[in-house]
Structures are given as structure tokens and as C-alpha cells.
Amino acid sequence: IPRSKYDECVKYISDLCDSAATILPTSYPAAQLGRATKGAALALKARLWLYAASPLFNDPSKTNDDLEHGAYDAKKWEKAADAAAAVINLKENDNPVYGLYASYDAFFTTLNGNKEIILSQMTAASNTVEKQNGPVSITGGQGGTCPTWDLVSDYEMVTGIPFDWSLPGSQANPWANRDPRFAKSILYNGATWMNNMTIQTYEGGPDKVGNNATRTGFYLRKFLGIGARWNAPTGTTYHCFPLFRYGEVLLNYAEAMNEAYGPDVDPKGYGMTARQAVNLIRTRAGLTGNKDFSVTTAANYVPAGDKAKMRTALQHERRIELVFEEHRHLDLRRWKLAETVLNQPVHGLQIVKNADNTYTYTPIEVEKRVFDAKMYLYPFLQTEIARNKNLVQNTGWSN
């Protein structure tokens, strides 16, 4: 069987989502939490059209539908906006089905009563993810995911302006007055963690020594329950690993609306503009300034009607809001930015503790990375190519 063309695949999946949405219930009793709902089918459709409308698959130079790209059509952004709006405006008994959870960090350890969850991977209460990612100074901590300095430096100040070493106080305490999502996602030198322990990732510090110690100077905080201990006194917690959540749908909607109509209009009457949608995300995050990219001194300032600047601002917002949720590497591909962003070394932060208990911070290269154009699409396994003579390999992977 030969491969179907790209737009044919998109239509096939979209039609299946529509069909499923007519059959699936809007919600289940609490005891059946985790089953696919109407909203899950619609959220899948929304993400599908967001990807299909994006530059990697919707390139103006591609006029015909082929195996790797769809035929260019600017109206695909309208379809993406409409699909996301269907999730946002979904109601049950005249009440919105979904909404943002009050607390950004508590969302990831809360299942019952969490209206932001659209579809989540369900697991029993445990402390496994805490142990796998725990700092190495805790016996058994495996230090799994270590955020990069490239990510950490991208968190804004709480006022919305970019972080910069030249800002007053930054040399003494670079962690102060940052976007609140920073401390809720990343463990840094001086942060407080389980049982009021202090994270110490300076050179020679307890969390910077050993084979599993962070190479970047940081550990993961997001998804981890502060009471989920694997050492006595032990504890467990539930975890929300979202496949789809309302916060993502708002960002999908904002991006699609901006590309289709611009940042500040709602011609279809969906109920909010792109700017208003992202403002909900940034307000929940706790940003006290530049919630809607309107502060003129900020690098991500977006004048009224400026689609290009809103595009850049939304790309930054997805990086921060959806961090570690498996979106970034796919976003960079669909935006066709991976050759620039992922073709750079990974950096960490070397922290030296001085005799007067101050710290000296030096960004360092941790690992080199390479991204070639062929990596925008993965290859089919050679066993699949051998099995099916009509299966055409993706560009760049034939040899």
C-alpha cells in the first residue's frame, strides 16, 4: 500500500475526530476519570490543524499536496482557530466544561476536580517520578531531567521584561523576581525542596557531586510532589501528565487566531482575541506586568495589530508554559526553527561559592548538538522499507 498524501491524512484524522466527538460523552463520573471525552477528540483535532497550518507542512512554496507537505492554504489557520474554539466553548448544562486550574504547579499533582485536564495519562499515586528526578543529595535521587541554562535564562522577570545580568540585583540573586513559573518548574541553587532542604548546585556542593549530578546546575521541579518522598517518612502523590490540557488549547487558539486574523480581532465571534487568550495564561501564572505583551519596555512588546511580533511572543510563551510537556521539539520543527535553535550547543551555569558566601555565575557549554534539515521528519525503519516496496522514504534518509 503506498503512502497517502499529507492533506489526505489530515482530513482522514480530522473526520475521525469529528466522528468520535459525536459519540463520546462530555464528561464521566469521577470514578471513571481518565477516559476519552468529546473534549479530548476536539482537542486532538485542534492540535492536528495547528500542525497542518504551520510552516513545515503549510509552506507557500508548496502548491501541491504531496507525501511530506500539504498544499499551501492560509485558511488552514482559520480551521485551526475554529477547532480550538470548539474546545474552549464546549459546555455541559450551560456551564463551560474546561477552565484553567488556579495553581500552575498544583495542576500537575491534582486529578480530582481539575477542570484544566482534557486527557491525562493516568497512574497510581507514587513517588517514582520524584525519585527519578530528585537531586542527588537525597539518598536514591537519580537527577534525571536537568534543565538547561538556555531555558532558565529565557524566563522573564515578574514584570514581563527579559532577564538580564545587568538588571539591579541579578548578579547577587538571579532567581529573584522571575516569572513565578520558573520556581514552580525548576530547582535551582538556593531553592527549598523536600523537608525544607536547600538545593546546592554550586561546584563541590552536595547536589553537584557524583555520576548522576546535574551538569547544567539545575534539576526538574515541575510534576514533582513536595510530599512524595521515597525515603522515610515516605509519601506518594497523584500526577497529572497531560496529553491535552486547557492551557495548551488556549495557546493553540491564540496562535491560530493571530495567524488567521491578527492579535486583536475576533471576527468569527468565538469570544476572545489571540491577545485575550494568552492573557488568561499569563494572569494565572502570576505575572504582575506585561500580561498581554503590552509593556513598551519589554522585548516581547506587541503593538496593536502586529501579527509578526505576537507570533514571536507566543512562541516564547509556549516554551515557558508548556515546558517539559513534550511540545518544544515538535513546535520548533513545525515552525521550521529547529535548524537554528536545535543546531546550537546546550549550556549550563557554573556556580562557584565564594568565601563570603556569595556566588559567581558563569554560563558554560555542556554539550554540542546538531540538527540537519532531514531531521524535520523522522525516517521510516529500513525493515518497513524492505517490507513495502511502495513505501517512499522521507527526504534525506535514503542512504
Side-chain angles (χ1 to χ4, degrees), residues 1-24 35-36 40-80 82-84 118-119 121 241-244 248 252 255-256 259 315 318 322 324-344 346 367-399:
I1 299 175
R3 290 173 63 179
S4 298
K5 294 181 180 180
Y6 185 85
D7 283 339
E8 292 173 344
C9 292
V10 170
K11 183 181 185 303
Y12 175 72
I13 299 169
S14 182
D15 289 346
L16 285 178
C17 291
D18 287 337
S19 177
T22 64
I23 300 170
L24 291 166
R35 297 188 176 188
L42 296 176
L44 175 58
K45 179 182 176 181
R47 192 188 293 175
L48 167 75
W49 279 108
L50 182 78
Y51 277 48
S54 297
L56 179 60
F57 304 110
N58 194 31
D59 188 329
S61 68
K62 307 289 185 180
T63 56
N64 297 317
D65 187 20
D66 61 34
L67 299 182
E68 298 180 359
H69 313 85
Y72 177 73
D73 184 356
K75 291 187 178 296
K76 288 179 181 178
W77 286 114
E78 297 181 19
K79 292 182 178 180
D82 186 72
I118 298 176
L119 186 65
Q121 177 183 337
F241 301 114
L243 302 175
F244 299 103
E248 180 216 338
N252 295 350
E255 182 178 349
E259 296 296 339
Q315 288 172 352
R318 285 184 71 92
L322 303 176
F324 306 120
E325 295 179 48
E326 303 295 340
H327 290 278
R328 178 68 173 171
H329 69 114
L330 296 173
D331 281 343
L332 290 172
R333 283 172 167 82
R334 67 182 179 85
W335 293 328
K336 295 188 75 172
L337 298 176
E339 285 177 271
T340 300
V341 178
L342 297 182
N343 215 11
Q344 302 291 329
V346 172
E367 184 175 295
K368 294 186 181 298
R369 296 283 173 87
V370 176
F371 187 96
D372 296 326
K374 68 180 183 180
M375 296 179 182
Y376 278 115
L377 297 177
Y378 293 137
F380 291 100
L381 293 174
Q382 186 57 41
T383 53
E384 297 299 322
I385 298 293
R387 181 178 291 131
N388 183 355
K389 294 181 179 180
N390 289 322
L391 183 59
V392 179
Q393 181 61 280
N394 281 329
T395 302
W397 296 101
S398 295
N399 297 322

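This is a predicted model, so every value here is computed, not measured.
At a cut-off of 3.5 Å, with distance as the only test, no side-chain donor of Ser54 or Trp335 sits close to an acceptor on the other residue. A donor-acceptor pair shorter than 3.5 Å cannot be found between the side chains of Arg3 and Asn388.
Every pair passing salt bridge (Lys or Arg N to Asp or Glu O under 4.0 Å) that includes a residue from residues 44-55 is listed here, sequence neighbours excluded: Asp18-Lys45, Arg47-Glu248.
Applying the salt bridge (charged side-chain N to carboxylate O under 4.0 Å, His left out) rule to Arg369 yields the partners Glu367; only residues at least two apart in sequence or on another chain are considered. For Arg318, the salt bridge (charged side-chain N to carboxylate O under 4.0 Å, His left out) test picks out Asp331, with sequence neighbours left out. Shown here are the side chain to side chain contact (heavy atoms under 4.5 Å, CB included) partners of Asp7, two or more places apart in sequence or in another chain: Asp65, Ala71, Lys76. Residues passing the ring pair (Phe, Tyr, Trp, His ring centres under 6.0 Å) test with Phe371, sequence neighbours excluded: Tyr376. In terms of the side chain to side chain contact (heavy atoms under 4.5 Å, CB included) criterion, residue partners of Lys75 (sequence neighbours excluded) are, by chain and number, Asp73, Glu78.
Looking at every heavy atom in both residues, Ala41 comes nearest to Ala21 through CB-N, 4.0 Å. In terms of heavy atoms, Trp77 sits closest to Pro55 at CZ2-CD, 4.5 Å.
To the nearest 0.5 Å, atoms OG (Ser14) and CH2 (Trp49) are separated by 5.5 Å. With rounding to the nearest 0.5 angstrom, the NE2 atom of His329 is 14.0 Å from the CE atom of Met375. Within the model, atoms CG of Leu391 and CD1 of Ile385 stand 4.0 Å from one another, a figure rounded to the nearest 0.5 Å. With values rounded to the nearest 0.5 angstrom, Leu16 atom CG is found 10.0 Å from Leu48 atom CG. Distance CG/Leu342 to CG/Asp372: 11.5 Å, rounded to 0.5 Å. Rounded to the nearest 0.5 Å, atoms CD (Gln393) and CG (Leu67) are 11.5 Å apart.
In terms of modelled atom types and a separation under 3.5 Å, the side chain of Asn394 and the main chain of Tyr378 share a donor-acceptor contact. A distance-only check finds a donor-acceptor pair linking the side chain of Asn58 to the backbone of Ala53 [under 3.5 Å]. The closest donor-acceptor contact from the side chain of Asn252 to the backbone of Leu50 lies at 3.5 Å or more, if one exists at all. When atom types are taken as modelled, the side chain of Glu68 and the backbone of Thr395 share a donor-acceptor pair closer than 3.5 angstrom.
Looking at heavy atoms from C-beta onward, Leu119 lies out of side-chain contact with Pro242 at the 4.5 angstrom threshold. Side-chain contact between Ile1 and Asn390: absent, with no pair of heavy atoms (C-beta onward) separated by less than 4.5 Å. Contact check for Phe241 versus Glu325: no side-chain heavy atoms found under the 4.5 Å cut-off. When side chains are defined from C-beta on, Asp82 does not count as touching Lys79, because their heavy atoms never get closer than 4.5 Å.
When ring centroids are compared, Tyr51 and Phe57 stay outside the 6.0 Å threshold.
In this structure, Glu339 does not pair ionically with Arg333, as no charged nitrogen and carboxylate oxygen lie closer than 4.0 Å. Between Glu8 and Lys5, no side-chain nitrogen of the basic residue sits less than 4.0 Å from a carboxylate oxygen of the acidic one, so the salt-bridge criterion is not met.
The environment of OH in Tyr12 is sparse: at most 12 heavy-atom neighbours from other residues, nucleotides or ligands sit within 6.0 Å.
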